[in-house]
Amino acid sequence: MAIRAGTARSIVLYMKVGLRVEDAVRKAVEDLRRLKKGGGLLRGVNLHAIDNRGNFAVLSLNAPKQTAYWLWRKGEAKPEKHEPERVAL
């Protein structure tokens, strides 16, 4: 479904036109919500995005269970485990 909706490209485009990374990811969620109405939403997907300043957003859509991601920032000794915000469509 994310490929069908062009989700990765959409997030980048939303950031190019000035949306913050979190707003761009949320806008992509709305795009995927439209797929649900047409019967095209199949299962869960995680959306990860980062901008050129290191700001990031991670959302988990329709995940059957809690997922996690690892973030390792410059200057940190090791990566940290985080749980994305879960969103139901």
Side-chain angles (χ1 to χ4, degrees):
M1 81 183 143
I3 292 172
R4 177 178 167 197
T7 303
R9 178 67 182 125
S10 294
I11 291 170
V12 170
L13 181 61
Y14 293 142
M15 288 190 297
K16 280 180 118 175
V17 297
L19 269 63
R20 295 178 316 121
V21 66
E22 184 175 342
D23 295 334
V25 172
R26 290 190 185 283
K27 181 78 171 153
V29 168
E30 293 305 315
D31 295 343
L32 292 172
R33 186 168 276 130
R34 283 191 282 282
L35 276 182
K36 180 180 181 184
K37 292 178 183 176
L41 188 65
L42 301 176
R43 59 177 56 168
V45 63
N46 292 318
L47 302 178
H48 302 249
I50 188 167
D51 67 13
N52 60 357
R53 294 180 190 94
N55 301 309
F56 66 94
V58 182
L59 295 178
S60 182
L61 304 173
N62 288 354
K65 62 181 181 173
Q66 184 63 53
T67 59
Y69 65 95
W70 292 87
L71 180 65
W72 198 344
R73 293 185 174 137
K74 186 177 181 176
E76 292 180 348
K78 61 182 181 176
E80 292 182 356
K81 185 177 180 180
H82 298 271
E83 293 181 353
E85 178 183 341
R86 293 175 76 183
V87 177
L89 295 183

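Residue numbers run from 1 in the order of the sequence given.
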Check: For Ile50, what are the other residues in its hydrophobic cluster, where any two members join if their side-chain heavy atoms are less than 4.5 angstrom apart?
Finding: Phe56, Val58, Tyr69, Leu71
Item checked: Contact check, side chains of Pro79 and Arg73, non-hydrogen atoms, under 4.5 Å -> no
Margin query: Measuring from atom CG of Leu47 to atom CD of Glu85, what distance do you get when rounded to the nearest 0.5 angstrom?
Written below: 11.0 Å
Check: Does any pair with a residue in residues 47-65 pass salt bridge (Lys or Arg N to Asp or Glu O under 4.0 Å), and if so which ones, sequence neighbours excluded?
Finding: none
Next item on the list: Considering only NZ, NE, NH1 and NH2 on the basic side and carboxylate oxygens on the acidic side, decide whether Arg26 and Glu30 come within less than 4.0 Å.
Entry: no
Next item on the list: Taking side-chain contact (heavy atoms from CB on, under 4.5 Å) as the test, write out the residues that go with Lys78, two or more places apart.
Entry: none
Notebook entry, point to check: Under the side-chain hydrogen bond (donor to acceptor under 3.5 Å, both in side chains) test, which residues partner Glu83, sequence neighbours left out?
Noted result: none
Item checked: Partners passing side-chain contact (heavy atoms from CB on, under 4.5 Å) against Leu19 (at least two apart in sequence or in another chain) -> Tyr14, Val17, Asp23, Ala24, Lys27
Checklist line | Asn55 CG to Glu22 CD distance, which is reported to the nearest 0.5 Å | finding: 10.0 Å
Notebook entry, point to check: When rounded to the nearest 0.5 angstrom, what distance separates CZ in Arg86 from CG in Leu59?
Noted result: 12.5 Å
Check: Just wondering, do Thr7 and Asp31 contact through their side chains at under 4.5 Å, heavy atoms?
Finding: no
Next item on the list: Output all residues satisfying side-chain contact (heavy atoms from CB on, under 4.5 Å) with Lys16, sequence neighbours left out; order by chain, then residue number.
Entry: Arg9, Val12
Next item on the list: Supply the atom-to-atom distance Trp70 CH2 to Glu80 CD, rounded to the nearest 0.5 angstrom.
Entry: 9.5 Å
Margin query: Just so I know, are the side chains of Asn46 and Ser60 near enough to count as touching, which here means a heavy-atom distance under 4.5 Å?
Written below: yes
Margin query: Going by side-chain hydrogen bond (donor to acceptor under 3.5 Å, both in side chains), name the residues that satisfy it together with Glu76, two or more places apart in sequence or in a different chain.
Written below: none
